[in-house]
Amino acid sequence: MHIEESIKLDFKDVLIRPKRSTLPSRSNVDIRREFIFHHSGKKYFGIPIMAANMDSTGTFEMATALGTQGLSAALHKHYAENELVGFFQSLPQKNLPRSSAFYSMGVGQADYDKFTAVMHRAGDAVEYVCIDVANGYTERFIQFVKKVRNEHPHLIIMAGNVVTGDITEELILAGADIVKVGIGPGSVCTTRKMTGVGYPQLSAIIECADAAHGLGGLICADGGCVVPGDLAKAFGGGADFIMVGGMLAGHDECAGDTVERDGKKYKRFYGMSSRTAMEKYAGGVAQYRASEGKEVLVEYRGPVINTLQDILGGVRSACTYVGARKLKELTKRTTFIRVTQQLNEVFGKS
């Protein structure tokens, strides 16, 4: 047993200290980024925020809506082969960048067989792949990343989830261009409650970004963002991409049932390790494991474009407060100050 004494921080533990700025307006901030991926050598240009590969937010409809605005989406794993082939082949006709969607898969044989079939049929239409497991610390996972990299050297590979620098480095060396960071911070994730395992998300971002950037890799902060200011803190801490789920839930582009309670409309939203998800896709919770997610009702919020304006406006505003003309400058101009309170809630939470 070992106790690590150093302080680890979450988004709620800090604020960004303002700095002198010469920016006249938020409209002068460029929140797009350009990256050249370490292994594939391909170039990315866009707004580095993506929808999570949950079956409610990682939909074709969400990918299309976000793609028109320069953002991305990681599709969920449960689309059928024909559906995936049709979607990826349709991207040029929709005049969308292929970066608007990641193909997502696990590490099982069935996952790999479907992936191989889609790649054979869709060809170069698939450029971005997310290899996604809850626990990225297994040797099986790392070997799977190596296998995909060796067999498909042209792909941009995102792999996770992890929260520490050592495995971030190992995944990049294994072939990942982007390492997905986060264990337990999601709004419908109960991993920390059920297993006692996790890591405060801001410190995980800071430490994993430092490890990844030293090897030419990138990270995607996955989970924990509740308000636009959290995205600003994640970017300030070194995140290259940010994946959001709960902040995009409840919209027209989300899958899931719509229910009405007391005259208000809601959409169901649940974690992909929840009992609901496992009953839907795996025939129930296996005897050797426990559910590590929950189901909630999210108030219906209409088209996602309205929420995007809030998110992107908040990030732009954060940049003006520290004098960052481009999103890439935000990390260098960020100084975090530790706090015990974020908001004045005398009139209740909002």
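Annotation: F336, atom CZ; neighbour count of heavy atoms from other residues, nucleotides and ligands within 6.0 Å is above 12. Heavy-atom contacts from other residues, nucleotides or ligands closer than 6.0 Å to CD1 of I7 number 12 or fewer. Summarising the local packing, CG of D124 is surrounded by 12 or fewer heavy atoms from other residues, nucleotides or ligands at distances under 6.0 Å. Within 6.0 Å of NZ in K19 there are more than 12 heavy atoms belonging to other residues, nucleotides or ligands. Atom CD of E81 is surrounded by more than 12 heavy atoms from other residues, nucleotides or ligands within 6.0 Å.
I156 is connected to F35 through a chain of hydrophobic side-chain contacts under 4.5 Å among Ile, Leu, Val, Met, Phe, Trp and Tyr, so both are in one cluster. Cluster annotation: I157 and L173 are assigned to the same hydrophobic cluster (Ile/Leu/Val/Met/Phe/Trp/Tyr, side-chain heavy-atom contacts under 4.5 Å, transitive). Cluster membership check: F88 shares its hydrophobic cluster with V148, using side-chain heavy-atom separations under 4.5 Å among Ile, Leu, Val, Met, Phe, Trp and Tyr.
A side-chain N or O of Y199 and one of K8 form a donor-acceptor pair less than 3.5 Å apart. Under 3.5 Å, the side chains of E127 and Y103 contain no donor-acceptor pair of N or O atoms. Side-chain polar atoms of R121 and N82 form a donor-acceptor pair below 3.5 angstrom. With no hydrogens or angles considered, no side-chain donor-acceptor pair links H76 and T59 at under 3.5 Å. Residues T320 and R26 have side chains that never bring a donor and an acceptor to within less than 3.5 angstrom of each other.
Evaluation of the ring pair (Phe, Tyr, Trp, His ring centres under 6.0 Å) rule for F144 yields Y112 as partners, not counting sequence neighbours.
Formation of a donor-acceptor pair under 3.5 Å by the R149 side chain with backbone atoms of P153 is found in this model. Here the side chain of E4 pairs no donor or acceptor atom with the backbone of S6 at under 3.5 angstrom. A donor-acceptor pair under 3.5 Å links the side-chain atoms of E329 to the main chain of R325, judged by distance alone. Side-chain atoms of Q201 come within 3.5 Å of backbone atoms of V181 as a donor-acceptor pair (strictly under, hydrogens ignored). At distances below 3.5 Å, at least one donor-acceptor pair connects side-chain atoms of D13 with backbone N or O atoms of D10. Between the side chain of D113 and the backbone N or O of A110, no donor-acceptor pair lies under 3.5 Å. The closest donor-acceptor contact from the side chain of K265 to the backbone of Y300 lies at 3.5 Å or more, if one exists at all. For R301 (side chain) and G250 (main-chain N/O), no donor-acceptor pair under 3.5 Å exists by modelled atom type. Using a distance-only test at 3.5 Å, with no hydrogens or angles considered, no donor-acceptor pair links the side chain of K267 to the main chain of E299. The closest donor-acceptor contact from the side chain of S90 to the backbone of F87 lies under 3.5 Å.
Closest of all the heavy-atom pairs between D222 and K180 is OD2-NZ, 3.0 Å.
Salt-bridge annotation for E34 and K328: absent, with no side-chain N of the basic residue lying under 4.0 Å from a carboxylate O of the acidic one. Ion pairing between K77 and D132 holds under the 4.0 Å rule for side-chain N and carboxylate O. Taking 4.0 Å as the cut-off between side-chain N and carboxylate O, D30 and K326 do not count as a salt-bridged pair.
Side-chain contact between R192 and V197 is absent, with no heavy atoms from C-beta onward closer than 4.5 Å.
Taking the six-membered ring where tryptophan is involved, the planes of F60 and Y79 are essentially parallel, since the angle between them stays under 30° and well short of 60°.
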Please set out all donor-acceptor pairs under 3.5 angstrom arising from side-chain atoms of residues 225-232, sequence neighbours excluded.
{"unit_1": "D230", "atom_1": "OD2", "unit_2": "V226", "atom_2": "N", "d": "2.8"}
{"unit_1": "D230", "atom_1": "OD2", "unit_2": "V227", "atom_2": "N", "d": "3.3"}

